[in-house]
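What follows is a single structure, written as structure tokens, with notes after it.
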Amino acid sequence: MNVPWLYSHSAATALPLALLIGAIAVRDVQGTPSRLHHPALMWLGEVSFAFSMVHGTVITYVKQLLGMERELPVLQGAGIVLLYLAVSLVLAWVLYTCVEKPAMRAWSRPRRRSPQGLGHSPDSPSRETMASTSRR
């Protein structure tokens with residue numbers, strides 16, 4: 001794909017990623033077994049929002065704590081990245097467990113799934129009702 005350099009990473013990957021996400025979503029709705037249902041990946045999905053909230057702060061404070069305003073050798077840099085990851089995951093888990101889960105339990109209602117599949121809940125009108133009201 002020939003795109004300007006400035007957009008090369010996002011523009012060249014947007015369509016393939018959109019197709020991949022769509023394919024994974026369809027497989028999930030159909031109940032097809034997948035490696036993405038591994039417990040570790042499910043847990044990462046659970047804490048991903050909290051991770052996005054804390055990782056920038058962790059990077060900033062770990063850099064300040066270690067006085068890292070210079071370049072490091074590859075192995076030391078990889079170790080620092082693993083430290084960022086570990087601290088961020090622990091804090092994300094704490095945030096998810098102590099804030100996000102209790103808030104979800106307190107303020108959300110459980111979803112009711114219907115036997116008809118996606119997009120139809122017992123409270124929503126049927127296709128026949130929708131068709132008859134649109135003809136009036």
Side-chain angles (χ1 to χ4, degrees):
M1 215 186 257
N2 188 14
V3 295
W5 182 85
L6 183 60
Y7 302 108
S8 62
H9 297 295
S10 58
T13 58
L15 180 62
L17 282 176
L19 293 172
L20 177 65
I21 290 168
I24 291 170
V26 167
R27 286 186 63 161
D28 191 43
V29 168
Q30 292 172 343
T32 307
S34 169
R35 291 182 184 166
L36 295 176
H37 287 114
H38 189 276
L41 295 177
M42 299 292 282
W43 180 81
L44 284 173
E46 296 275 330
V47 300
S48 63
F49 178 72
F51 183 87
S52 70
M53 300 295 287
V54 300
H55 81 278
T57 305
V58 168
I59 290 171
T60 301
Y61 283 111
V62 169
K63 280 177 75 172
Q64 285 179 357
L65 233 86
L66 299 177
M68 293 176 32
E69 298 303 324
R70 57 184 166 69
E71 291 183 14
L72 297 172
V74 173
L75 287 177
Q76 286 180 343
I80 297 297
V81 168
L82 290 175
L83 178 66
Y84 290 152
L85 183 62
V87 172
S88 294
L89 280 174
V90 167
L91 290 176
W93 173 76
V94 169
L95 188 61
Y96 172 74
T97 304
C98 298
V99 177
E100 191 175 341
K101 268 176 80 171
M104 293 287 284
R105 265 183 281 173
W107 293 322
S108 70
R109 288 178 282 170
R111 252 192 258 177
R112 289 182 271 172
R113 295 194 59 100
S114 71
Q116 288 85 10
L118 260 176
H120 180 80
S121 72
D123 297 334
S124 64
S126 68
R127 288 185 182 145
E128 293 81 23
T129 305
M130 295 290 284
S132 66
T133 55
S134 66
R135 287 185 218 138
R136 291 182 194 170

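For clarity, every value in this text was computed on a predicted model and none was experimentally measured. When reading the values below, keep in mind they use all heavy atoms of this one structure, side chains included, and skip hydrogens, waters and symmetry mates. In what follows, residues are counted from 1 in the order of the sequence shown.
Within the 3.5 Å criterion, the main-chain N or O of S34 finds no donor-acceptor partner in the side chain of R27.
For the pair A50 and A92, the tightest heavy-atom approach, listed with the atom from each and the gap, is CB-O, 3.3 Å.
Side-chain contact between L83 and V58 is absent, with no heavy atoms from C-beta onward closer than 4.5 Å. Between H37 and D28, some side-chain heavy-atom pair lies under the 4.5 Å cut-off. The closest side-chain heavy-atom distance from E100 to L95 is not below 4.5 Å.
Among L91, V87, V47, I59, the one residue that satisfies the side-chain contact (heavy atoms from CB on, under 4.5 Å) test with V54 is L91.
Scored by the side-chain hydrogen bond (donor to acceptor under 3.5 Å, both in side chains) test, W43 finds no partners at all (sequence neighbours excluded).
Annotation: the span from S48 atom OG to Y96 atom OH amounts to 9.5 Å, rounded to 0.5 Å. Separating the CG atom in L66 from the CD1 atom in I80 is a distance of 5.0 Å, to the nearest 0.5 Å.
Grouping the Ile, Leu, Val, Met, Phe, Trp and Tyr side chains by contacts below 4.5 angstrom, directly or via other members, places L44 apart from M53. There is a path of hydrophobic side-chain contacts, each under 4.5 Å, that joins L85 to L41.
Applying the ring-ring contact (aromatic ring centres under 6.0 Å, His included) test to pairs two or more places apart or on separate chains, those with a residue in residues 52-85 are F51-H55.
Other residues, nucleotides and ligands contribute over 12 non-hydrogen atoms within 6.0 Å of the CG atom of L17.
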